[in-house]
Amino acid sequence: MRLSVENIEVSFPGPAGDLLPALGPISFEVADDQFVCLLGPSGCGKSTLIRVLAGLLSPSAGAAYCDRELIQRPLAEAAIMFQDTNLMPWRTVLDNIALPLEVAGMSRPERYGAVRKLLPQLNLENFELAYPAELSGGMAQRVSLGRVIVQQPQVWLLDEPFAALDALTREALSLELLRLRARSRQTIILVTHDINEAVLLADRVIVMSRRPGALVADIPIDLPRPRSAEMIYKREFLQLAKRIRNCIEDQRA
Amino acid sequence: MQTNGKVAEFSTGRKRQIILRRLSPFLTVLLLLLLWQGVTERQIISRILVPPPADVYAAFTAALADGTLAKHTMTTLGEMMYGLLLGVGIGLVLGYAIAKAPLLEYVLSPIIVAFQSTPIVAYAPLLIIWFGTGPSSKIVTTAVIVFFPALVNAIVGIRSVSPPLRDLMRSLNAGPWLTFRLLELPSALPVILAGLKTSATLAVIGAVVGEFVGSGSGLGVLVIMARSQYNTPLVVVTVLTMTVIALSLYGLVALVEWRFLVWQRRAAS
Amino acid sequence: MLTLRRFATIVALLLTSLVGAQADVTNERILLTFIPNVQFAPFYLGIQHDVFSEAGFDVALEHLQEPEVLDLVAVRQANYGIVSGEQVILARSRGRDVVYVFEWFQQYPVALVHASDLDLSDLGALRGLRVGIPGRFGASYSGLTTLLTSAGLNETDIELNEIGFNAPEVFCLGAVDAAMVYANNEPLQIRNLAAAGECGDLDDVGLIMVASQVDLVSNGLIVNRGLLEESPAQIARMVGALRDALQITIDNPAAAYLASLPYVDTLPADDALVVALTDAAAQQQEFLADNPTRSEVAASRRALAEELSEQFDGAALAQFHVLLNSIDLWDADALGFSDLASWEAMRDTLALMNLLGEELGDLDAAFSNEFLAVSDE
């Protein structure tokens, strides 16, 4: 599905009753099946933009569209993955992943069947009855990812999904994300502040300015797919990473 | 071998410690019983004031045999159950409403705080003449006293539901009922159950206060009747029955907690 | 060292002077029931008019529940208490050795109150009626049992409602047809409610005194058996003082009401009423100087009531009327005496109610009139 962001601005009420601009104005389009990484310093409004695209927040000005449909409320075709794992501590792995299906009104055997099919790809086969508190950070994040995949969304909105993980786990999970996505291609927007992660995953990297975040650079990543961990040592990769870094550093200056 | 021996030693020592900890409440009770027996046997305190355990036991078996204890206990239990249903029910519903609509809190809090901070014994006679001399007035005194913990814990429980999880439910387009059933209720359950524990122990107080003011049967009445017949052992039996009821009800909620909050126990270990 | 010795001397001197003072006056607690109320006027008057102190007592009054009064006297934490006779029998049947030495209420104060248009001249008409009672305990319950027994009925023939001490409200709400009350108090409250139009269509109430059916032993002074054996003379002094205070109260209710004012905070006492009562008390003093008969004194009380009711409204006089009604229950030719028959009647009622414990001792040991004779001299 195609996403378009048209002159979106978001402000929040400040302590003195005035309005503090948090995002924009910003405009861009994401083509069908494109994987876009939003990159920018913390506090630039990346997460705010994701919330607007998810239909959880109305912009103060401008509008977002999904295949020409104005996004006013959460769309059934889109799924969001939150910054921290955001799992329900009272639900098992199985029930956490099955939550969207339960909300959709699917019967218990049906939804457990669907989740169980998914568990091996997520490397969670032996943990279906575990509670979130019993999982490692990486495993919890895979459960969270499973909760997105189970919805079979056409649009994935991923808000710094791996930020809390150590570097190695994070790289492994990123590549897993690509593998999981490969089966049927979807439109993905992933927020990150890690340049390597962005270059490794994306078809296109959008660099945002500091708060209130505006578009600074829109850089296509034409590295071949499938991507692998070794790629990060290739020249093309390093050049792209350097270019993005420069964009960000120009911002600082 | 040496390390194995040490481990074994350590674990038996630990086991002993655990057993001792488990036994300690019973030991305390046993010690109190012995003290009680000693004090009455040696006439340190007149047995008119403190009847010896043997007399209390005799009063217990007598009250059990002629059905007195069962009859009055059933009355009080009935009043408590209806009072709990009414008070906790209203408390939870109102607590949910207040958590959702903070304006309600401003409107209702003066009444609620006034009700809570006024000693119920003082206005219990009014409740008797307003709600009749039958069980209904005792149900009301119980409901009034168990209402507050239920209310407060419902408010706290619902308000402490994690905002990101609320966002998740919204992103899934979950309606109010599903949000309540799948998110708010399970999330608030630990706090609500903690409140229910308090309510359960207060229920006995509510029912007995109501019965004290005027009633035909119930443990509160049995205390007055036994006292007016100078049957102090029966007074002690009745009071202990109230204690047992309060503890059992507390235990019952703890059991529900144990059953439903598996995830909390697993997370703790 | 020197200062220490001097200090010790001073302390010793102080102590002896204290002991010396105590030889004249004994500190005594009298345990009363209920709450401070004009019905305890004889005790307030006894203190205010130095009746107790002239007999050698510095009396302090305390209010407790009846069983607590009795138990504290039984274990001798207090020497004197006021309880009803049935409590003495009940408590003695469970090992409390107290002795009843002065009958204060000559008439059992409990009565059945009902709307005057309900004909209960035959007590058998109680069958099927809803009767309110504080609870299945105490004097009201014994009184009701006695009434039912004399009508050939038992508890299952009526609809008994435990209403706590709320008889006026519950009666006026129409929740019961009749209620067991204290004759000197609640009927007045019901009449006041009716006068204020807050008692349905009630015109007036009828009263059936328990005492009209059976003479039951009533409220009186109890002492501990140990005290009775150690210092009978002290008890005789106390009994004499109480009798004197009671007699003055009966003879001069206006003075007794005034004496109650410091003790009963809620007693109506606007200036006009105090002035009127002060005058009445002085006049009554002159009247008593001529040694009027008991019935003449009773007539003087009624005359005073009427005179006052022309000046003051019902609310201002309500508690004074409670006092006058109480005096009717206290007055007798010889104050303080209780007879064996009334004890037996009470014991039989309690036995019927299945309330007695195991230790059914001799009723003769439960009471004594001998201190009345001694203080007669």
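Residue numbering restarts at 1 for every chain, and letters A, B, ... go by the order of the sequence lines.
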Heavy-atom nearest pair, B:N173 first then A:P74, reads ND2-O, 2.9 Å
Given A:P100, A:A54, A:A133, the one with more heavy-atom pairs under 4.5 angstrom with chain B than any other is A:P100
I'd like to know whether CZ of B:F115 has more than 12 heavy-atom contacts from other residues, nucleotides or ligands below 6.0 angstrom. no
ask   = With a cut-off of 6.0 Å (strictly less than), are more than 12 heavy atoms of other residues, nucleotides or ligands near OH of A:Y112?
value = yes
In short, B:D167 meets A:L56 closest at the heavy-atom pair O-CD2, 3.7 Å
Heavy-atom closest pair (A:V103 atom, B:L178 atom, distance to 0.1 Å) is O-CD1, 3.5 Å
CE (A:M81) and OG (B:S171) are apart, to the nearest 0.5 Å, by 12.5 Å
Can you establish whether the number of heavy atoms outside B:Y82 located under 6.0 Å from its atom OH is more than 12?
no
- request: Please check if atom CZ in A:R108 has more than 12 non-hydrogen atoms from other residues, nucleotides or ligands closer than 6.0 Å.
  value: no
The reported gap from CG in B:L183 to CH2 in A:W90 (rounded to nearest 0.5 angstrom) is 5.0 Å
query: Does atom CZ of A:R73 have more than 12 heavy-atom neighbours, drawn from other residues, nucleotides or ligands, at distances under 6.0 Å?
result: no
Okay, A:L129 and chain B: the region with an atom under 4.5 Å from a heavy atom over there is backbone
Okay, B:S187 and chain A: the region with an atom under 4.5 Å from a heavy atom over there is both
When the 4.5 angstrom heavy-atom criterion is applied to A:L87 and chain B, the contacting part is backbone
Of all heavy-atom pairs linking A:M88 and B:L165, the shortest is CG-CD2, 3.8 Å
Partner of B:L172 under side-chain contact (heavy atoms from CB on, under 4.5 Å), picked from A:E102, A:Q151, A:R147, is A:Q151
